[in-house]
Novice: 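Structure in structure tokens, see below.
All chains are named by letter (A, B, ...) in the order of the sequence lines, taking the proteins before the strands, and each is independently numbered beginning at 1.
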Amino acid sequence: MPTAVIWFRDDLRLRDHPALQAAARAGFAPLPVYIHAPHEDGGWAPGATSNAWRHRSLAALDASLRQRGSRLHVFAGDSLATLQAIAAVTGAGAVYWSRRHEPAAARRDEAVRRALRAQRLRADAWNASLLFEPWQLETRAGDPFRVFTPFWNAARRAWSPQAPYPAPDALPEFDRLPGETALDALGLAPDIPWDASFWAHWTPGEAGADAALQAFIEHGLHDYRDGRDRPDRPLTSRLSPHLHFGEIAPWRIVDAVAHAGPVEERAAFVRELAWREFGVHVLHHFPQTPDANFNPRFDDFPWAAPDPALLAAWQRGRTGVPIVDAGLREMRATGWMHNRVRMVVASFLTKHLRLHWLHGARWFWDHLVDADLANNTLGWQWVAGTGVDAAPYFRIFNPVLQARKFDPAGEYIARWVPELRGLPAKARHAPWEVPSGSRPTGLYPARPIVDLAEGRASALEALKRIRVPVADPLG
DNA sequence: TGGCACTTAGG
DNA sequence: CTAAGTGCC
């Protein structure tokens, strides 16, 4: 039986795996391979938190392969050279993989495909991560979408998610290959166990993804529309890291929720999946956006000179604004932050502190288990106002109002900012506003590092400097 | 997927 | 005085 190398990357599962399925259909014996090559990810090599998850997810994939008689063959080095060496040693006739859409990875994949085909190997890639490939939807004018709602409308018109399909029962075994290394030797897992607190919250791997999906359907979906905005309540799906690493296919998620819960609730959830698709669409069509403003008008925006003390206060959750600090501390403790709070902390960084959104994007990149170039870029540019789907006004979140609205009892704040636990619930949103007797004592900042009204005003003032002057009709 | 100033209704 | 609605950035 001829061999097909299955080149695993961000598709760490065995069900719903089109490359694996294609190999079986064509009569190939699949050889599962992982190549550690972060130097091929351009300026956005995965951060330490992402690596910690990947280590466990790869271990889960390997265990799952072993249950079926196979295992994961692990390498480190240049992807193309490694694949060529594997093909030469095994006499493989094909290399199959799942597409990636990050610009550097997509370019690398294309170079790999050409080189392999030039030596008469079959080299093919499939969609394993999306409901719609980024080139599949376009405006009536044939352009990429720049606004979410029309994108979502087009997606609904074209809606035809595929059905889930099972993993193969048994897989063939291969001998150890020259150059193979151990998963533990890749250095993905932290040397110092700073991630120890993460794993009470997460189970990386295909089984963990399935458990998260079932838990969401049981506990979160029924109240998703309003509940998803509440960081104090566990109603979000928490599927983002599983989706990022391809531990579950989006079409399997769509299938699972299709008949669960009230129709309005599941529609709201599928809409959130579509935001993820929109992020990939935008990244594919505007590949500069991880590093540059989508809207070039903001290239002249007067960002504040990065003050290391202010940036560090934001990073460590010591800004003195409770909802902001809670979010950044949640991320450091669990590798994840509630989406509503992501918007609030991002707005605070880019508007009140007026620091460039890339400072925040980089910090998220290194500290989120679901760090994803498409979603991270979309989210930061959206909040900063530099990106797609821009509002006709300059959106500045008021972190106190956001906290009162979405964490009304201050439970989320109390969970992550223990200095404020002794305060009455109402005082936790803005402790500097309450009588001094009920203010936090000890180490928590007495006041925010920037006055909220002044921060807002300075952001609006900065915006005026890049506003195109309106032509005076009277000359 | 916002906030704020201003207005009006109603306690 | 608060809640809710409106117009505007």
Side-chain angles (χ1 to χ4, degrees), chain A residues 145-153 155 220 223-233 235-237 240 264-279 281-282 294-295 297-298 301 321 323-324 327 336-354 357 360-361 364 370 372 374-408 412 426 429-430 433 448 450-470:
Chain A
F145 288 97
R146 296 166 165 82
V147 181
F148 174 74
T149 301
F151 173 85
W152 174 225
N153 291 335
D223 195 20
Y224 187 75
R225 256 185 313 173
D226 295 331
R228 73 192 177 85
D229 267 327
R230 291 286 298 271
D232 56 336
R233 297 174 65 192
L235 297 176
T236 62
S237 76
S240 53
E264 299 85 0
E265 306 295 332
R266 59 181 203 251
F269 174 66
V270 174
R271 194 171 186 275
E272 294 303 305
L273 289 179
W275 268 100
R276 173 176 174 273
E277 304 270 326
F278 183 53
H281 179 87
V282 173
F294 170 81
N295 179 351
R297 183 147 57 96
F298 276 87
F301 187 84
V321 182
I323 190 73
V324 172
W336 184 85
M337 193 194 306
H338 188 281
N339 187 246
R340 167 62 48 182
V341 188
R342 292 188 197 199
M343 294 190 274
V344 174
V345 306
S347 175
F348 185 77
L349 183 82
T350 58
K351 307 290 167 71
H352 290 91
L353 296 179
R354 214 168 9 108
W357 57 268
F364 273 28
D370 62 23
D372 181 278
N375 278 300
N376 201 46
T377 301
L378 179 78
W380 276 97
Q381 293 231 35
W382 181 87
V383 171
T386 61
V388 296
D389 207 63
Y393 46 86
F394 197 51
R395 200 183 329 246
I396 302 174
F397 284 69
N398 179 328
V400 175
L401 293 188
Q402 289 281 315
R404 288 194 178 124
K405 187 168 177 188
F406 298 113
D407 181 29
Y412 176 79
K426 295 275 179 197
H429 303 123
E433 285 181 356
V450 57
D451 179 85
L452 295 182
E454 285 174 20
R456 176 187 165 84
S458 92
L460 288 169
E461 191 59 34
L463 182 72
K464 283 185 192 166
R465 296 215 231 153
I466 61 163
R467 187 167 284 159
V468 182
V470 179

Novice: Quick check: does any side chain N or O of A/Arg342 sit under 3.5 Å from a backbone N or O of A/Met337, one acting as donor and the other as acceptor?
Specialist: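 Looks like yes, one N/O pair under 3.5 Å.
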Novice: With the side chain counted from C-beta on, respond yes when A/Pro408 and A/Asp232 share a heavy-atom pair under 4.5 Å apart, and no when they do not.
Specialist: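 Yes, at least one pair of side-chain atoms sits under 4.5 Å.
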Novice: Considering every strand and a 4.0 Å limit on heavy-atom distances, what is the contact class for A/Leu460: base, sugar-phosphate, or nothing?
Specialist: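 Here A/Leu460 touches no strand at all.
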Novice: Does NZ or CZ of A/Arg340 fall inside the cone over A/Phe406's six-membered ring, less than 6.0 Å from its centre and within 45° of the axis?
Specialist: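 Checked: cation-pi criterion met.
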Novice: Whole-Å distance between B/dC4 P and A/Lys405 NZ?
Specialist: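 Checked: the NZ to P distance equals 12 Å.
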Novice: Rounding to a whole Å, what distance do you find between A/Ile396:CD1 and B/dC4:P?
Specialist: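 In whole Å, B/dC4 P lies 9 Å from A/Ile396 CD1.
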Novice: If you look at every strand shown and take non-hydrogen atoms under 4.0 Å, does A/Arg456 touch a base, only sugar-phosphate, or nothing?
Specialist: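 Sugar-phosphate: the residue A/Arg456, judged by heavy atoms under 4.0 Å, touches backbone atoms but no base.
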Novice: Using 30° and 60° as the class boundaries, would you call the ring planes of A/Phe148 and A/Phe151 parallel, tilted or perpendicular?
Specialist: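 Geometry flag for A/Phe151 against A/Phe148: tilted rings.
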Novice: Could you tell me how far apart A/Leu401 (CG) and C/dA4 (C1') are, to the nearest whole angstrom?
Specialist: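 Answer to the nearest Å: 16 Å.
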Novice: For a quick test of reading the model: is some side-chain N or O of A/Asn398 closer than 4.0 Å to OP1 or OP2 of B/dG2?
Specialist: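 Checking B/dG2 against A/Asn398, no side-chain N or O comes under 4.0 Å of OP1 or OP2.
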Novice: So, OP1 or OP2 of B/dG2: does either fall under 4.0 Å of a side-chain N or O from A/Arg340?
Specialist: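 A/Arg340 to B/dG2 OP1/OP2: side-chain N or O found under 4.0 Å.
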Novice: Within the side chain of A/Glu265, is there an N or O that forms a donor-acceptor pair under 3.5 Å with the backbone of A/Arg225?
Specialist: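 Indeed, once roles are kept as given, a pair shorter than 3.5 Å links the two residues.
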Novice: Give the rounded distance in Å between these two atoms: CG of A/Leu452 and P of B/dC4.
Specialist: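 Distance check: A/Leu452 CG to B/dC4 P gives 9 Å.
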Novice: CG of A/Asp229 versus P of B/dG2: gap in Å, rounded?
Specialist: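 One finds 8 Å between P of B/dG2 and CG of A/Asp229, rounded.
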Novice: Starting from C1' on C/dC8, measure out to CG on A/Leu463 and report it in whole angstrom.
Specialist: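 A/Leu463 atom CG is separated from C/dC8 atom C1' by 15 Å.
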Novice: Provide, to the nearest angstrom, the distance between the CD atom belonging to A/Glu454 and the C1' atom belonging to B/dC4.
Specialist: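 Nearest whole value for this atom pair: 18 Å.
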Novice: Return the value, rounded to whole Å, for the distance between atom CZ of A/Arg404 and atom C1' of C/dT2.
Specialist: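 Rounding to the nearest Å, CZ of A/Arg404 and C1' of C/dT2 are 14 Å apart.
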Novice: If stacking means aromatic ring centre less than 5.5 angstrom from the base's six-membered ring centre, planes under 30°, is A/Tyr393 stacked on B/dG2?
Specialist: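 Here the ring of A/Tyr393 and the base of B/dG2 are stacked, with centres under 5.5 Å and planes under 30°.
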Novice: Contact class for A/Phe394 (heavy atom, under 4.0 Å): base, sugar-phosphate, or nothing?
Specialist: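 No contact.
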